[in-house]
There are 2 protein chains.
Amino acid sequence: MVRAVQKRTLQTRARLVEVAQALVARDGYAALRVEDVVAGAGVAKGTFFAHFRDKEALMERLISAELAARLARAGAGPVPDGVDAMIAALEPYHGFLASERYVFDIALRYSGAAQVAEVGPMAQTFEDCVTLVAGWIARSGGFRRDVPPDLLAEGVQAFAIQSLSLQFCALHQAEAGPARMRRYLVAWLLPPGPALPG
Amino acid sequence: MVRAVQKRTLQTRARLVEVAQALVARDGYAALRVEDVVAGAGVAKGTFFAHFRDKEALMERLISAELAARLARAGAGPVPDGVDAMIAALEPYHGFLASERYVFDIALRYSGAAQVAEVGPMAQTFEDCVTLVAGWIARSGGFRRDVPPDLLAEGVQAFAIQSLSLQFCALHQAEAGPARMRRYLVAWLLPPGPALPG
DNA sequence: GCGAAAAAATGACCGTGGTCAGTAAGAAAT
DNA sequence: ATTTCTTACTGACCACGGTCATTTTTTCGC
């Protein structure tokens, strides 16, 4: 016999999330302490872990929610008709991933489902992003047609991650994220040009 | 007046690394505890942190050493002349990255230099890999020539990371790593085929 | 050799994520 | 109402990475 979830449960969880969001807004994601969250919510430490597997599970929830919101706004806009328009359309989404090293790390770690038969919110959001981009590619006219749109979209994600990785890295900081991304996408998404000399 | 490094220093550091490697060989990377390392080496905990900034600095050293060794073996072999040969040549390198989730995470986090004007061993190894692949592409005949080889090589790295990410993920486990990698590289490295129907 | 200065090593201590046996609160059964 | 069963909550406790004032060892000028 499975009972309905108690009202109290939902209240407690909501309060934990609320407090966490406020703390993140003030100090950023990396600075979040579980002890501060429970203190702010007025519950014991153990309660936190009754609601979230671990600290990162809360992080996944917070970060994927923000990503999903930004992705939804991108999806509501017009279909981008070229590489530059696509980069611009995805900028808020990628900008958030680039905002904090910790955010990028968590996003990457949870971008795949954590366990068999369980697709977390982060994995869902990443998949939604691929689906959105694939739709753009299929509908727009300017992209190469010898590769299926969803494979191209997966590549866009791969290049985005590569660009962001290098953005966090001193070695290649000379070239900004969007500029690097542009070089990748021109080569990946457009019909090929003539062979280079040499 | 800057003094030479003491013999003792090198001995202690070598012993720490040695013990750590033995523990990793037995229990894997994720299970390594600093306290076990110092106990095995017969030194105090503080000594460890006099030799390594933190636990991950040791991890970077261990993991990048293994990666570099595998990369060197790949570089000693013949130049691969196509997508399948390239995947096969890089398999030991990628296989190690896929061997443990923790290894993959550390490798990614340190694949870029940590600080300005300091290129860590992991970043160096990743760069060496790109250089090696770029050389293969430039020397071999079968790849597209409308994009410079080093950009193509960076793309190979991006697709490898994408494939490995998805390998750790339940959602896409249906398709094995090398098979997925192959689809990406055919689209990325080869001259384009005719447009798909539809 | 000897004394001073630098380098290396020590271990008690701290912060923080995470656990778990025990308790309280809520929802059914009587 | 009272008992029973389930779910939610508690907080002392542990694990483990990391710090730092202090002590030991080494090096170097004399």
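Naming: A, B, ... by sequence-line order, numbering from 1 per chain.
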Whole angstrom is fine here: how far is it from [atom1] in [X] over to [atom2] in [N]?
| X | N | atom1 | atom2 | value |
| --- | --- | --- | --- | --- |
| B:L10 | D:dT27 | CG | C1' | 15 Å |
| B:Y102 | D:dG17 | OH | C1' | 11 Å |
| B:R8 | C:dA6 | CZ | P | 16 Å |
| A:R13 | D:dC9 | CZ | C1' | 14 Å |
| B:L58 | D:dC16 | CG | C1' | 15 Å |
| A:R15 | D:dA8 | CZ | C1' | 12 Å |
| A:Q11 | C:dA25 | CD | P | 15 Å |
| A:K7 | C:dA25 | NZ | P | 17 Å |

If you restrict it to nitrogen or oxygen atoms, what contacts under 3.5 Å exist between nucleotides 15-17 of chain C and the protein, and what is each distance?
| residue | atom | partner | partner atom | Å |
| --- | --- | --- | --- | --- |
| C:dT16 | OP1 | A:R33 | NE | 3.1 |
| C:dG17 | OP1 | A:K55 | NZ | 3.1 |
| C:dG17 | OP2 | A:V34 | N | 3.1 |
| C:dG17 | N7 | A:K45 | NZ | 2.8 |

Distance check: side-chain N/O of [X] vs OP1/OP2 of [N], anything under 4.0 Å?
| X | N | result |
| --- | --- | --- |
| B:H51 | C:dA9 | yes |
| A:T12 | D:dC9 | yes |
| B:T9 | C:dA7 | no |

*Check every strand shown and say whether A:T47 touches a base, only sugar-phosphate, or nothing at a heavy-atom separation below 4.0 Å.*
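Since a base atom lies under 4.0 Å of A:T47, the category is base.
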*Under a 4.5 Å cut-off applied to non-hydrogen side-chain atoms, are A:R13 and A:R61 in contact?*
yes
*Using modelled atom types only, decide if a donor and an acceptor are shared between the side chain of A:K55 and the backbone of A:F49 within a distance under 3.5 Å.*
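Flag not set: sc A:K55 to bb A:F49 has no pair under 3.5 Å.
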*Exercise: identify the closest heavy-atom pair between B:L97 and B:F104*: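 Looking at all heavy atoms of both residues, the shortest contact is O-CB, 3.4 Å.
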Salt bridge [X]-[Y], side-chain N to carboxylate O under 4.0 Å:
| X | Y | answer |
| --- | --- | --- |
| B:R101 | B:D105 | yes |
| B:R180 | A:E154 | yes |
| B:R109 | B:E60 | no |

*Measure from the ring center of B:F159 to the ring center of A:W188 and say whether it is less than 6.0 Å.*
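Between B:F159 and A:W188, the centre distance is under 6.0 Å.
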_Go nucleotide by nucleotide along DNA chain D from the 5' end; which of B:F48 and B:Q6 gets its closest nucleotide reached first?_
B:F48
